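Structure, as structure tokens:
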Amino acid sequence: MSASDDILGRSARALAKGIRDGELSSLDVTRAYLEQIHATEPALHAYRCVTSELALAQAQAVDRARASGASLGPLAGVPVALKDIFVTQGVETTCGSAILAGWVPPYQGTHAQRLADAGAVLLGKLSMDEFGMGSANENTPFEPVHNPWARDHVPGGSSGGTAAAVAARSCALGLGSDTGGSIRQPASLCNLVGLKPTYGRVSRHGMIAFASSLDQAGPMTREVGDAALALGVLAGVDPRDSTSLDAPVPDYLAAVDAGAQGQLAGTTIGLHRRALELDGLAPQVRDRFEASLAQLADAGARVIDIELPHFEHAVATYYVLCTAEASSNLARYDGVRYGLRRDRPSLRETYEATRHDGFGAEVARRILLGTFVLRADSYADYYGRAMKVRSLIAQDYAAAFARCDMIASPTSPVPSWRIGAKVDDPLAVYLLDVFTIGANLAGLPAISIPAGFTASAPRLPIGLQLIGPRLAEPALLRVAAAHEAANRWHLERPPASGGGS
Amino acid sequence: MARADYEVVIGLEVHCQLATATKMFSGCAYSIGDEPNTQIDAYTLGLPGTLPVPNRAAVEHALRLALAVGCEIPPLSRWARKHYFYPDLPKGYQITQADQPYALGGAIEIPDHDQPDDPLATRRVPLLRIHMEEDAGKNTHAGEYSLIDYNRAGAPLVEIVSLPALRSAAEAADYVRELRTIVRYLGISAANMEQGTLRCDANVSLRPVGATALGTRCEIKNLNSFKFIEAAINAEIRRQVDLLDAGEAVIQSTMSYDPGRDQTKVMRTKEAAADYRYFPEPDMPPLSIDAAWIAAAKASLPALPWARRRALVQLGLSAYDAGVLTADHELADYFDAALAACNDPSLAKVVCNWVTGELLKLLKTDHAEGLDDGDNTGGRLAGCPVSPAALAELIGHVEAGTISGRAAKQVLAKIFAEPGQSPAQIIERDGYRQVSDQAAITQMVREIVNAHPQQLEQLLAGKAKVRGFFVGQVMRVSKGQANPQVVQQALEAVLEQLAKTQEP
């Protein structure tokens with residue numbers, strides 16, 4: 001095993017410890033990752049931009065700080081990469097859209113700031129579906145991202161670039177955002193841990209808005225411990241986001257370490273059995289899910305049946321609300337102050353040409369849908385009704401959590417698919433969000449963890465999702481760690497990461 | 001029908017910019033009159049990833065206004081987005097409050113001209129609501145292109161919406177004037193129409209006298225002076241009377257006023273009106289104003305204009321004087337402080353005359369403007385070199401007979417010229433002290449009488465006018481310091497003596 005393989009094989013948590021202990025230099029770690037990016041990018045297109053100089057400078061600063069005896073942050077020297085939805089001062093931020101191509105933010109977002117404050121090294125920005133709208137990373141004016149487990153397959157979306165990069169070991173941990181499953185679904189399709197925290201747990205300041213009441217940032221990692229490490233850095237109230245929660249940040253790593261003991265006695269897991277009867281649920285996904293559930297039961301968890309009476313309405317509700325908010329949030333891209341501008345003789349023509357050329361088809365579709373549902377004469381039938389259903393869905397979860405600690409389900413009803421296979425059927429792709437959307441509508445924390453692979457070729461990852469009550473991240477991490485301890489999937493390396501498993 | 005056969009119904013929407021150090025939803029500093037695009041930050045420009053955070057000071061200002069006019073404050077109110085595309089609107093929507101504003105009801109008291117006998121009679125104009133929102137920037141059209149200044153974008157506003165309860169253009173102007181005075185008393189806004197920190201839109205409709213249903217209304221936008229408020233509303237009333245008399249319907253429209261032609265014209269009709277696609281602002285939780293906050297804000301309210309007017313009339317001032325003093329709360333404060341320093345409530349009228357007369361004259365402003373449309377009623381006392389205590393001292397000297405009223409005016413002028421001098425210092429230094437010593441003045445009178453035998457003869461012959469000549473001579477010789485009353489008395493005594501000695 002080469003020195004580089006040793007570095008790339010370590011978890012972010014192990015890297016941080018190695019650097020803190022002086023066993024590894026931050027510069028060596030950063031160089032190893034930059035080389036890995038160089039090796040994997042031609043096949044994957046996970047990165048929108050690589051900030052090599054900045055990364056090397058930050059790494060040197062960490063090494064200097066360590067040499068001078070200064071105390072190091074919890075992520076000191078850990079190479080991270082951010083979905084391009086996160087605002088990075090001085091580093092181009094496009095949100096995956098032509099309308100923001102070339103935009104270099106003059107301010108720092110909270111996520112980039114907190115990661116930097118914790119000593120993390122920024123490797124670059126990661127590709128995504130335009131404005132977070134998509135499940136395959138194909139809604140992009142740039143190159144589509146490839147799945148490291150099967151190059152002709154999608155990595156999932158919208159945080160597809162983050163998933164591909166973390167899976168391919170071209171960053172130690174990545175940051176994604178999740179509006180309807182955009183962290184968990186690509187994590188599921190790429191054999192990763194993807195954590196969507198409670199709404200408000202992590203600030204939204206500096207995360208470009210898609211649907212404000214649903215958007216939440218979270219880590220995507222190879223191991224559960226890394227997700228806990230990153231969440232500890234990101235979580236906490238932010239005066240720049242008045243929807244951020246002013247709740248104490250618990251010791252997430254302690255929850256992981258407790259879970260890694262493999263004992264789940266006293267934990268009750270809810271099973272919404274009706275959801276498993278879904279037409280679109282792939283048999284292999286169902287098999288892996290039932291196997292995972294059996295493992296959790298073996299570790300001592302009690303599995304009970306719960307009901308989510310409004311489960312079937314979640315997708316429709318979501319697509320009314322998220323398009324409404326998106327149509328509003330994306331109104332600012334008018335070519336007047338920043339981003340793309342198509343000058344035309346009149347203001348109206350300038351707006352039209354700028355937005356026509358700047359937005360892709362899926363974004364345009366959602367803006368149109370959202371504009372329609374907010375019209376004065378359709379508001380009550382669509383937006384107003386969807387808000388009522390949203391409350392009912394949240395009540396369903398609250399009632400379920402009176403009886404169980406968390407709810408288990410598959411993350412995605414299907415494993416990854418071939419690039420291009422579903423581009424002509426947006427509605428079919430919307431329906432793939434069926435398991436993940438509820439957590440966003442109800443503002444609940446949810447995690448997707450590796451749950452094995454398909455038996456048939458190509459060998460594709462499958463994910464298990466756990467949804468908990470508000471602020472139950474420690475419980476989710478504990479169970480996820482127990483599940484991880486019982487399996488070795490997280491240690492496997494994808495073919496497109498330059499090494500064997 | 002003639003104009004008199006229609007009842008005019010007017011409702012006003014007044015926007016008032018709140019005087020806070022920073023904007024409504026960001027920590028961006030804001031003040032009026034700065035170089036374009038210098039009062040901006042990432043949020044102001046609507047940069048991606050920025051979020052609104054309510055400014056507590058702005059909410060506090062808005063809350064004090066609502067309490068001052070008697071609004072009900074619901075425990076929770078909500079922010080909403082109002083969408084339209086325009087270059088001066090950075091986010092493509094304005095954050096405002098729609099179906100759940102922070103303040104409901106309340107009223108503004110305006111003078112009731114139906115009761116001419118009682119100058120303090122008022123009529124309550126009920127409010128529908130007050131809500132908070134953020135301002136837009138400013139577009140300036142420069143030939144083929146436009147320039148945009150985002151300084152004002154995001155500045156805090158309150159919009160005060162009246163019920164359609166005003167009955168004339170004059171009442172509408174009164175209403176805006178009273179509202180302006182209230183916000184200035186509260187110190188929450190400069191409320192200057194010229195600078196745009198106070199803006200008014202007027203909804204005007206007509207109905208036959210006696211009808212209960214409201215007629216179709218038209219909204220006149222952007223009335224930026226008291227003169228235009230009255231003129232535009234009257235022009236719109238004429239337009240609607242003409243339409244109705246011709247048997248035509250008024251079409252609900254947005255109007256603009258052309259002062260050159262003294263006419264309103266249609267900007268757009270309701271059919272062409274934008275759909276603003278309001279929906280609840282997801283970037284902020286509902287705004288919670290609890291009972292403790294309300295109580296604290298209530299406790300911080302100053303005495304308001306009508307209460308102060310009534311208090312001044314109680315002191316014996318005329319309603320007119322009370323109006324002049326209270327048009328500017330600083331002037332009213334000054335008066336109260338000066339009167340208190342006099343330690344004699346019966347001097348209210350005297351103090352009022354000094355404040356509204358000599359003092360304002362010396363401050364080189366026309367005090368009549370205080371009741372007028374002028375925006376500059378505030379700040380007149382800024383830099384006034386005469387403290388209320390000094391004015392009270394001066395009045396005290398006049399009342400005690402130490403100096404004459406005429407001398408007192410000169411002393412006041414000298415304090416303006418040489419700030420820092422007290423009245424007593426100037427009186428002593430420049431010899432304004434009045435001589436009331438009877439013996440000395442009698443001696444002076446005797447000498448003058450003896451020196452002017454011809455005039456004495458005329459006086460004794462009954463030519464009363466000559467008396468003034470002698471008094472003037474005494475004042476001249478005494479350099480104005482002789483107490484005129486004492487001089488009169490002394491002259492009387494000397495003449496009586498002379499008359500006795502000349503009797504056969």
Side-chain angles (χ1 to χ4, degrees), chain A residues 85-87 93 95 97 100 103 105-111 131 200 203-209 211-215 238-244 321 324-325 327-339 345 347-348 350-351 355 370-377 379 383-384 387, chain B residues 25-28 37 40-56 59 78-95 98-99 137 139 141 144-148 150 153 270 273-288:
Chain A
I85 203 168
F86 295 102
V87 168
T93 301
C95 210
S97 182
L100 273 176
W103 183 57
Y107 79 98
Q108 186 70 297
T110 294
H111 317 86
F131 283 102
S203 172
R204 290 184 298 115
H205 171 254
M207 179 169 72
I208 298 177
S212 311
S213 74
L214 302 159
D215 297 341
D238 180 359
R240 293 176 183 276
D241 175 5
S242 51
T243 62
S244 69
L321 297 178
E325 293 188 28
S327 74
S328 174
N329 284 326
L330 272 57
R332 69 188 63 201
Y333 305 105
D334 58 6
V336 173
R337 292 161 306 280
Y338 48 81
L347 178 65
R348 192 190 170 103
T350 299
Y351 281 157
R355 289 168 69 82
T371 303
F372 171 77
V373 303
L374 288 180
R375 276 168 46 141
D377 54 2
Y379 183 93
Y383 188 86
M387 286 296 275
Chain B
F25 298 116
S26 83
C28 183
N37 296 312
I40 54 174
D41 67 355
Y43 175 80
T44 299
L45 292 179
L47 295 190
T50 55
L51 295 170
V53 177
N55 174 351
R56 193 180 163 94
V59 176
R78 271 175 215 279
W79 306 105
R81 293 184 184 177
K82 174 183 180 177
H83 300 86
Y84 59 93
F85 284 104
Y86 203 62
D88 66 11
L89 191 68
K91 300 186 294 294
Y93 58 84
Q94 175 195 35
I95 303 178
D99 51 357
N139 264 25
H141 301 290
E144 289 188 4
Y145 55 91
S146 289
L147 299 169
I148 315 166
Y150 288 108
K270 193 195 174 190
D275 179 345
Y276 292 120
R277 293 181 288 117
Y278 284 98
F279 85 112
E281 166 59 88
D283 279 335
M284 287 183 284
L287 175 69
S288 159

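Here is how names work: the chains are called A, B, and so on, in the same order as the sequence lines, proteins then strands, and each is numbered from 1. If you're wondering where the values come from, they're calculated on a predicted model, not measured in any experiment.
Looking at heavy atoms from C-beta onward, B:Phe279 lies out of side-chain contact with A:Met387 at the 4.5 angstrom threshold. B:Pro280 places a side-chain heavy atom less than 4.5 Å from the side chain of A:Tyr383. Contact check for B:Pro48 versus A:Thr93: no side-chain heavy atoms found under the 4.5 Å cut-off.
In this structure, chain B has a heavy atom under 4.5 Å from the backbone of A:Arg240, while its side chain stays farther away. A:Thr371 touches chain B through backbone and side chain together, each having a heavy atom under 4.5 Å away. Heavy atoms of B:Ile148 lying under 4.5 Å from chain A belong exclusively to its side chain. For B:Asp275, the part lying near chain A is the side chain, with the backbone staying farther off; criterion is any non-hydrogen pair under 4.5 Å. B:Pro52 touches chain A through its backbone: at least one of N, CA, C or O sits under 4.5 Å from a heavy atom, while the side chain does not.
Of all non-hydrogen atoms in A:Thr243 and B:Pro285, the two that sit nearest each other are CG2-CD, 4.0 Å. Contact between A:Arg204 and B:Pro282 at its shortest, heavy atoms only, is NH2-O, 4.0 Å. Across all non-hydrogen atoms, the minimal contact from A:Glu325 to B:Arg81 is O-NH1, 4.4 Å. Smallest separation of non-hydrogen atoms from A:Pro106 and B:Leu47: CG-CD1, 3.5 Å. The nearest pair of heavy atoms linking A:Ala331 to B:Gly92 is CB-CA, 3.9 Å.
The structure places CG of A:Leu374 at 15.5 Å from OH of B:Tyr276, a figure rounded to the nearest 0.5 Å.
Contacts with chain A were tallied for B:Pro87, B:Ala42, B:Ser26; B:Pro87 has the most, counting heavy-atom pairs under 4.5 Å. Interface check for chain B: of the options A:Phe86, A:Tyr338, A:Tyr379, the most heavy-atom pairs under 4.5 Å are formed by A:Tyr338. Between chain B and the options A:Ser328, A:Ser212, A:Pro105, A:Gly206, the largest number of non-hydrogen pairs under 4.5 Å is found for A:Ser328. For the set A:Asn329, A:Asp215, A:Leu100, the count of heavy-atom pairs under 4.5 angstrom toward chain B peaks at A:Asn329. With chain A as partner, the option from B:Met284, B:Arg277, B:Glu281, B:Glu144 having the largest number of non-hydrogen pairs under 4.5 angstrom is B:Arg277. The candidate from B:Thr50, B:Leu51, B:Asp41 with the greatest count of non-hydrogen atom pairs under 4.5 Å with chain A is B:Leu51.
The ring pair (Phe, Tyr, Trp, His ring centres under 6.0 Å) search around B:Phe25 returns B:Trp79, not counting sequence neighbours. Residues satisfying the ring pair (Phe, Tyr, Trp, His ring centres under 6.0 Å) criterion with B:Tyr150, sequence neighbours excluded, are absent altogether.
Between the side chain of A:Arg337 and the backbone N or O of B:Leu45, at least one donor-acceptor pair lies under 3.5 Å.
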